[in-house]
Amino acid sequence: MAIEILELIPIFHGVDNDDLALLAAQCHTQEYDCEGVIFGQGDRAAMLYILLSGRVAIRFKPYDGEALNVAEIQPGDIFGWSAVLHRPAYTSAAVALAPSRAVAISGSGLRRLCRARPAAGVVILQRLVEVIPERLKDAHSQVVQILQESMQATAEDE
């Protein structure tokens with residue numbers, strides 16, 4: 001992958017070109033059709049994704065219900081961070097809502113880079129730490145809203 005693409009992605013701003021060159025070797029771009037599954041809930045968490053174009057839904061399926069859209073990913077957003085956190089599987093699914101293009105980064109490759117190049121690791125991990133809590137807060141709010149709507153619909157049916 002070209003370093004120029006990585007330079008445009010906010011979480012890599014401030015990472016020097018030598019480190020970006022090492023990271024580029026761990027990346028590739030992927031394209032998805034509308035409704036294309038990027039990864040499924042429970043799939044092995046191997047890649048971190050950064051959306052370049054399109055829209056992606058993050059869907060969580062509780063064991064006893066329908067799949068819920070808990071977040072919508074826009075260009076520039078990061079998803080699939082289970083791969084960076086060294087989790088064995090993705091906790092949700094990611095599905096393209098429109099034709100989409102994303103950078104896929106090897107989670108193990110990114111972790112190796114962070115260990116080998118601590119300065120780059122600090123920058124990248126700091127940016128991830130800023131993004132993840134905000135996304136979880138948004139997802140939590142959406143789940144609460146879905147549950148409230150479901151409870152309201154049930155009450156109206158009774």
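By convention here, the first residue in the shown sequence is residue 1.
Taking both residues in full, the closest heavy atoms of Gly40 and Asp43 are given as N-OD2, 2.6 Å, listed atom of the first, atom of the second, then distance. Taking both residues in full, the closest heavy atoms of Asn17 and Ile3 are given as O-CD1, 4.0 Å, listed atom of the first, atom of the second, then distance. Across Lys61 and Gln41, no two heavy atoms sit closer than the pair N-OE1, 2.8 Å. Shown here for Thr91 and Phe60, the closest heavy-atom pair between the two residues is O-CD1, 3.4 Å. The two atoms that bring Ser53 and Pro75 nearest to each other are CA-CG, 4.0 Å, heavy atoms only. In terms of heavy atoms, Leu6 sits closest to Cys27 at CD2-SG, 4.1 Å.
Ring geometry for Tyr49 against Tyr32 counts as perpendicular: the plane angle is over 60°, on a 0 to 90° scale with 30° as the lower cut.
Rounding to the nearest 0.5 Å gives a distance of 5.5 Å between CG of Leu52 and CZ of Arg101. Glu4 CD to Leu20 CG: the interatomic distance, rounded to the nearest 0.5 Å, is 10.0 Å. Taking CG of Leu85 as the start and CG of Leu48 as the end, the distance is 9.0 Å to the nearest 0.5 Å. Taken from CZ in Phe79 to CD1 in Ile50, the straight-line distance is 9.5 Å, to the nearest 0.5 Å.
A salt bridge links Glu72 to Arg55: at least one charged side-chain nitrogen sits closer than 4.0 Å to a carboxylate oxygen.
Side-chain contact between Leu110 and Leu23: present, with at least one pair of heavy atoms (C-beta onward) separated by less than 4.5 Å. The shortest side-chain heavy-atom distance between His86 and Arg111 falls under the 4.5 Å cut-off. A 4.5 Å side-chain heavy-atom check between Leu113 and Gln26 finds every atom pair outside the cut-off. Side-chain contact between Ile105 and Val103: present, with at least one pair of heavy atoms (C-beta onward) separated by less than 4.5 Å. Using a 4.5 Å cut-off on side-chain heavy atoms (C-beta onward), Ile11 and Ile78 make contact. Residues Tyr90 and Ile58 have side chains not in contact (no heavy-atom distance under 4.5 Å, counting atoms from C-beta outward). In this structure the side chain of Leu51 reaches within 4.5 angstrom of the side chain of Ser100, judged on heavy atoms. Taking the side chain as every heavy atom from C-beta outward, Val56 and Leu97 never approach each other to under 4.5 Å.
Checking side-chain atoms of Arg112 against main-chain N and O of Gly107 turns up no donor-acceptor pair under 3.5 Å. A donor-acceptor pair is defined here as one N or O able to donate and one able to accept, closer than 3.5 Å; no such pair exists between the side chain of Arg87 and the backbone of Ser82. The backbone N or O of His13 lies less than 3.5 Å from a partner atom in the side chain of Arg127, making a donor-acceptor pair. A side-chain donor-acceptor contact under 3.5 Å links Asp16 to the backbone of Asp18.
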Derivation of the side-chain contact (heavy atoms from CB on, under 4.5 Å) call for Arg59 and Leu68: CA-CA 5 Å; Arg59 294 181 178 161; Leu68 307 170; over 6 Å; no

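Linking Ile, Leu, Val, Met, Phe, Trp and Tyr whenever their side-chain heavy atoms come within less than 4.5 Å leaves Trp81 and Val95 in two separate clusters.
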